Structures are given as C-alpha cells and as structure tokens.
Amino acid sequence: MTYSLRRVYAIFQKDLKDVLKNMFITTSLPVPLVFALIASRDPNPPVEAHFMFINLVLVMITAFLQSAIIAEEKEKNTLRGLMLSPATTLEILNGKSLLTFVFTIVTIMVGAAISGYEPANLWLVAVAFLFSIFFYLALGTLIGLYTKSMMEASVLLMPILLVFGFGTMHRAFIEEYAFLSFTEYFPNIQLLELAENVQTGAGIADVWPALTIILAWSIVMFLLVIIVFKRREIDE
Amino acid sequence: MDSIITVSSLVKVFANQKALEDVNFNVGHGEIFGFLGPSGSGKTTTIKILTGQLHPTDGKAEVFGVPTSALNSPYYRKKFGVLTDNSGLYERLSIFDNLKLYCDLYDVPVRRIDEALDMVNLKAEQKKIVSKLSKGMLQRVLLARTLLHEPDLLFLDEPTAALDPANSQHIHEGLRQLNAKGTTIFLTTHDMQEAEDLCDRVALLNKGRVQLLDQPKALRRQFSDATVTVELRDGRAIILSTGPEAAETMHTHMVNNEVAAIYTNEPTLGDIFVEVTGRELI
C-alpha cells in the first residue's frame with residue numbers, strides 16, 4: 001500500500017487556505033482562549049481551571065473544526081472528488097486532520113502560556129494530550145461524515161460540548177447521582193484526573209490506566225471513522 | 001479492438017426499483033462512446049458503477065480488465081477521470097488553487113494547469129475566486145480538473161450541459177484532440193447533436209435498458225426511409241424515394257433547372273430515440 005506525503009500535505013495546504021478565509025470558523029477558534037485568560041486571573045489556579053480551557057480547545061477546535069471541514073466537503077460535493085482521486089483513505093483522513101492537529105497544539109500552547117499551566121511531568125501529559133487529540137479528531141471526523149452541512153455539524157456538536165467541553169464540571173454530579181459513575185471513564189475526565197495526579201507527583205506507573213482508557217477511546221473512534229468513511233466511498 | 005470497458009448483464013436495483021436492467025456493452029480503447037438517454041434513464045448510475053462509486057446488484061462491470069470494485073487503488077485512479085453533475089469545487093479558493101490541489105493529488109506538474117485551462121478557454125481567469133464564477137465557468141473548471149492528469153479513460157456526465165454554443169464547440173475540439181492522443185471517452189448526454197458530432201458509437205438508454213447501440217451514421221441509415229426531399233424554385237417540395245420513377249422525376253426537374261435544394265431525410269438521433277422509445281429526450 002502506498003502512502004504519499006505530497007498528497008497529505010496538498011490537502012493540508014488547501015484546508016489552511018480555505019479555513020483562513022472562512023469567517024465562521026476563524027471567529028470560533030479564539031473562544032477557548034477566553035477561558036485561559038479567566039484562569040490566569042487566579043494567582044494559583046487548580047489544575048481543573050486550566051482544563052476548562054483545554055477541554056474547550058479539544059471540543060471547540062479539535063472536534064468542531066474537524067467536523068466543520070469534513071461536513072463542508074460533503075456539503076459542497078468536494079469530498080467525492082478527493083475520494084475518486086489517487087489519495088487513499090488514510091491520506092485523506094491524515095491530510096484533513098493535520099490542520100486541526102496543528103491548530104489544537106498551537107492553541108493549547110498559547111492557552112497554557114496565558115493561564116500559566118506548567119505540568120509537573122510534561123512528557124506524560126503531552127502523551128495524554130496526544131491520545132486525547134486523536135480521540136477528538138476522530139469524533140469530529142465522524143460527526144462530519146454523518147452530517148450534511150457545516151451548520152448541521154455545529155448543531156450536533158452542542159451536546160458533545162456539554163458532555164466533553166464542560167464535562168469536568170459534572171464530576172460534582174457523579175458524587176450525587178451514582179448512575180452517572182460510568183462517565184468517569186470519559187476521556188475528558190480521565191485526562192483531567194491524569195493531569196491532577198501528575199501534578200501531585202504521579203508517574204507512568206500510576207497513571208497508565210487513564211492513558212490506556214483514553215487510548216482505547218481513540219482506537220475505537222478511529223476504527224468507526226474508517227468503517228464510516230469506507231461506506232461513504234460507495235454512493236448507495 | 002480491445003475493450004477498456006466491459007459491461008454484461010448489468011443490473012442495479014435501488015430499494016426494489018430497477019435503475020439498470022440487463023445492460024450490455026463494450027467500449028474499445030480510443031473510442032468516444034456516447035451513452036444517451038433522458039433524465040432518469042440510468043446514465044449517471046452507470047457512470048457511478050463504472051467508477052466504483054456504486055456496486056452492481058448483478059452482472060459484470062469491468063474497467064481496464066478488472067472489476068470496478070478493484071478501481072479504488074491509486075494506480076487505477078490515476079488512469080481515469082470523472083466529471084459528474086455532483087462534482088464540486090472549493091468556493092473560497094481560486095481556480096488555480098483548486099487545480100493545484102489536484103496536480104498534487106495526481107502527481108502531475110503544475111504547468112499542466114495552464115494546458116488544461118487553455119483547453120476550456122479559462123487560462124486568463126485562473127486567479128479568479130471560484131465563488132465568483134458563472135455556472136458555465138464552474139463546469140469548465142471542473143472539466144479542466146478532470147483533464148489535468150491526462151487520463152486514459154474519461155467519464156463525462158453531461159459535460160457541456162451549462163455551456164453556451166461557442167464554449168461547447170471549444171470543448172468538443174479539446175475532447176477530439178485528447179481522443180486523438182489516445183484517451184477513451186465515455187460521454188453521457190441528452191444533447192443528440194453533441195453525440196452525433198463527437199461519438200464513434202452511441203448506446204440509447206431508456207428506463208434502464210440499452211435500446212440501440214451502433215455508430216450514429218449506421219443508426220441514421222437503419223432508421224432512414226430512403227427518401228430525399230427536393231425543394232423546387234417555385235416553393236414546392238416533393239419527397240422522392242428510390243426507383244426508376246423517382247429518378248425520372250428528379251431528372252426532369254434538374255433538366256428544367258427547377259431544383260433549389262435537395263435534402264436527405266435521414267432521421268436525427270433524437271428522432272430515432274423518440275421512434276424507439278416513444279419518449280422525448282429531456
């Protein structure tokens with residue numbers, strides 16, 4: 001099987017030019033940084049305050065941007081052109097994810113600089129971020145593939161924003177309502193707990209279950225994306 | 001002639017409705033093959049099957065000697081090009097940027113953009129943003145995109161549908177040049193004049209079935225009533241068939257210098273279609 005970096009980069013370049021001219025997307029992107037600014041006003045914010053904006057970045061940039069650019073390709077009938085080109089499924093998905101990935105990393109770094117978040121173990125938290133970004137990229141791709149337009153994708157993203165974007169707040173509900181305890185296994189909660197544990201000195205031996213759970217979410221979501229994308233290649 | 005497309009006993013059913021029923025035809029290398037029929041006759045469904053976008057319900061569909069389900073590899077994708085009515089462009093980008101993406105996807109040099117745009121008469125417009133283009137210009141950009149990688153086989157679904165006669169003519173000329181270089185063209189249209197001008201052979205499709213398949217000239221001859229109309233200088237028109245009596249009449253009019261014009265009464269492909277199917281080509 002061939003893999004062409006030229007094709008991946010071509011899709012990335014095209015998306016970059018296209019997104020920078022899309023007012024709807026460009027005006028939505030800086031919103032999570034507002035929460036980084038809010039966290040920065042506290043001289044010693046808890047990890048949870050930093051993760052307010054980090055989780056918002058993962059939903060509002062990673063999942064939203066990804067779903068918007070995929071849904072718009074469907075809306076304007078351009079995805080079919082990519083699917084009929086020599087680009088393979090993996091090249092298209094990687095090309096379409098690269099821009100979102102870069103925007104996510106840059107926004108997290110800028111937001112962390114603003115809010116003053118400094119992980120006690122940068123590499124461990126970076127790996128957890130990476131796994132989480134893969135999950136949200138796949139989630140955004142799936143939403144994009146299931147919806148017919150950018151507007152429909154943004155509407156569908158609302159409940160996801162509530163569950164994952166502001167999800168850290170519902171830890172309080174878990175204590176009150178036991179039936180919600182399954183949400184502890186959500187990737188956003190696992191990411192937050194991992195970051196909190198790392199901040200109190202935990203190492204890989206302590207946080208590997210959380211890493212494994214986030215990775216498992218990413219793998220399942222990625223497999224779903226491949227299945228749905230392959231189905232979309234056929235116009236039945 | 002070797003076949004580049006082989007279709008036999010092809011059936012496609014959508015939710016209990018037959019879109020194609022026992023369709024059979026071959027397309028030879030280097031041929032311009034017209035697939036003609038009214039809207040909803042199954043032309044686009046056939047193109048979608050032949051380009052791997054749909055699976056046949058039954059029967060065989062092969063392109064380049066392989067089943068259409070095997071066409072999704074980069075090797076085969078570089079060998080064919082498709083223009084359908086649901087092809088789209090990136091509206092916020094320029095014509096050049098749209099085509100540049102496809103140059104990279106198909107591994108062709110960027111200089112091909114000029115050549116492809118020249119063929120559709122848009123070379124001077126390449127900096128224009130796609131959202132500002134007219135429907136006809138959009139269609140020409142899509143066609144240029146399809147031609148960028150100089151495919152061995154081109155599937156064109158109503159390529160000149162939104163174009164004015166001058167641009168249609170320009171594109172026909174370009175397609176002839178491309179065909180002369182060896183590109184096989186599978187063309188669907190309901191423009192019978194376009195089919196007569198361009199195609200080596202045509203298949204007439206109606207309600208998912210191929211009703212007739214032959215060279216346009218042969219079809220016209222087959223359905224001709226072998227008569228000519230003679231228009232006389234006094235305004236009368238007489239219809240003559242073959243035979244000594246008709247020859248004598250013609251001879252008399254010609255000797256007396258009464259003939260203003262003579263027309264053959266061969267039917268057009270449109271007339272033939274209406275005669276065979278009882279349907280208008282819309």
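Letters A, B, ... are given to chains in the order of the sequence lines, protein chains preceding strands, and every chain is numbered from 1. The analysis underlying the following values was restricted to heavy atoms, covering all of them including side chains, and did not include hydrogens, waters or symmetry mates. Nothing here was measured: the structure is a model prediction, and the numbers come from that model.
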Between A/Ser115 and A/His50, is any pair of side-chain heavy atoms under 4.5 Å apart? yes
Heavy-atom cut-off 4.5 Å, strictly under: side chain, backbone, both or neither for B/Asp107 against chain A? both
Give, as side chain, backbone, both or neither, the part of B/Leu105 having an atom under 4.5 angstrom from any heavy atom of chain A. both
Only residue of A/Lys148, A/Arg80, A/Lys14 satisfying salt bridge (Lys or Arg N to Asp or Glu O under 4.0 Å) with A/Glu73 is A/Lys14
Most heavy-atom pairs under 4.5 angstrom with chain A, which of B/Asp104, B/Leu93, B/Leu71? B/Asp104
Would you mind telling me which of A/Leu98, A/Asn94, A/Thr100 makes a side chain to side chain contact (heavy atoms under 4.5 Å, CB included) with A/Phe12? A/Leu98
Please find out if less than 6.0 Å separates the ring center of B/Phe33 from that of B/Phe25. yes
Euclidean distance, B/Glu194 CD relative to B/Ile171 CD1, rounded to 0.5 Å: 9.0 Å
Heavy-atom pairs under 4.5 Å with chain B are the metric here; pick the option from A/Ser85, A/Ser4, A/Ala10 that has the most. A/Ser85
Atom group of A/Leu79 that falls short of 4.5 Å from chain B, counting heavy atoms: neither
Can you list, pair by pair, the side-chain donor-acceptor contacts under 3.5 Å of residues 132-146 of chain A, counting residues two or more places apart and other chains?
unit_1	atom_1	unit_2	atom_2	d
A/Ser132	OG	A/Ala128	O	2.9
A/Thr141	OG1	A/Gln66	NE2	3.0
A/Thr141	OG1	A/Leu137	O	2.7

Please state whether the rings of B/His149 and B/Tyr106 are parallel, tilted or perpendicular, taking 30° and 60° as the class boundaries. parallel
Please check if atom OH in A/Tyr9 has more than 12 non-hydrogen atoms from other residues, nucleotides or ligands closer than 6.0 Å. no
For chain A, which residues of residues 74-82 of chain B have at least one non-hydrogen atom nearer than 4.5 Å to it? B/Pro74, B/Arg77, B/Lys78, B/Val82
